[in-house]
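Provided herewith is a single structure, encoded as structure tokens, for subsequent inquiry.
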Amino acid sequence: MNDAPDLYETIQTAAAYVRTRDPRPWRVLLILGSGLGGLADKVQNPTRISYADIPGFARSTVAGHSGQFVIGDLFGVPVAVMQGRVHFYEGHPLWQVGLPVRVAKAMGVETMIVTNAAGGIHRDFQVADLMLMTDHISLAGLAGHNPLMGPNDERLGLRFPAVTGAYDAQLQRFAVDAAREANVDLKQGVYVCVSGPMFETPAELRFLRIIGADAVGMSTAHEVVVARHAGIRVLGFSGITNVARLSADEGEPPSHSEVMEAAPRIAPKLHAVIEGTLRRMHGAR
Ligand code: HPA
């Protein structure tokens with residue numbers, strides 16, 4: 001919900017603070033999900049800004065999310081990497097979940113690459129698979145937890161934005177080509193955003209499969225909705241950290257440690273595909 005005291009002012013104040021630390025404009029915002037933050041170490045000439053230092057920002061409270069921007073050049077592209085994000089289930093209002101994306105827009109960002117850890121629902125998905133997001137279902141958003149609810153400031157975007165084709169077709173082609181080149185078996189599918197923080201019941205997972213979801217997670221859709229509202233192009237990836245148990249007697253229940261254990265097996269594939277994608281974006285300029 002857009003119930004910040006004054007959202008536009010909050011964005012400008014945060015961006016002004018960021019500029020005092022590093023005035024370089026950003027071109028791509030990269031959001032790295034649970035256990036997937038290592039790519040930030042490849043940023044050249046980095047400036048690190050902790051979310052805790054930025055006016056208006058919420059603090060990330062989850063293990064595996066360190067909570068900082070790493071600003072610099074990645075494979076020739078000026079980026080801001082979000083090492084860690086804030087989640088709705090941590091109790092932060094949705095305007096704060098979306099705030100980093102809006103600050104990124106104010107810093108000049110045109111493209112967002114968003115990643116997450118997710119549970120695999122598609123029958124063919126296995127732990128450590130990487131999935132290109134072709135679309136999402138925001139169950140949280142459809143049920144009334146939508147970052148665009150509340151008064152709309154036309155300076156930020158339209159009252160009724162379209163989210164058709166939210167995941168940019170050209171960027172998806174770059175990602176598919178990059179995966180092929182790097183010999184990564186890139187799956188494709190629809191991500192469903194639930195609020196969390198509990199993992200889903202087997203009955204909920206069967207429901208999610210019926211409505212067309214291939215992977216389930218607790219983030220991303222809110223940031224994507226805010227990005228599309230702001231006119232930012234989006235590319236998304238889900239790292240499959242566990243596979244859904246569709247009946248109660250199938251194997252062990254999911255856990256956060258299972259998610260964190262799988263992440264290092266996914267990170268090299270994700271990094272190769274993002275590198276190839278950024279290089280293609282750089283070449284296409
Ligand atoms: N469900 C929801 N969120 C997740 C999961 C899951 O199984 N795995 C990683 N994030």
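Just follow the structure's listing: the first ligand is 1, and inside any ligand the first atom is 1.
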- Message: By the salt bridge (charged side-chain N to carboxylate O under 4.0 Å, His left out) test, which pairs, at least two apart or in different chains, include something from residues 253-275?
- Response: Arg245-Glu258, Glu275-Arg279
- Message: Given the ring of Tyr8, does Arg155 sit roughly above its face, with NZ or CZ under 6.0 Å from the centre of the six-membered ring and within 45° of the axis?
- Response: yes
What side-chain donor-acceptor pairs closer than 3.5 Å can you find for residues 119-135, not counting sequence neighbours?
residue, atom, partner, partner atom, Å
His122, ND1, Asp124, N, 3.0
Asp129, OD2, Gln126, N, 2.8
Thr134, OG1, Gly189, O, 3.1

Distance-only check: which donor-acceptor pairs under 3.5 Å involve side-chain atoms of residues 231-239, not counting sequence neighbours?
residue, atom, partner, partner atom, Å
Arg233, NH1, Gln170, OE1, 3.0
Ser238, OG, Asn116, OD1, 2.8

- CE/Met107 to CD1/Ile11 distance, rounded to the nearest 0.5 angstrom? 13.5 Å
- Item | Neighbouring protein residues of ligand 1 - any heavy atom closer than 4.0 Å | Ala117, Ala118, Gly119, Phe199, Glu200, Val216, Gly217, Met218, Thr241, Asn242, Val259
- Please report the closest heavy-atom contact between Ser219 and Cys193, naming both atoms and the distance. O-SG, 3.6 Å
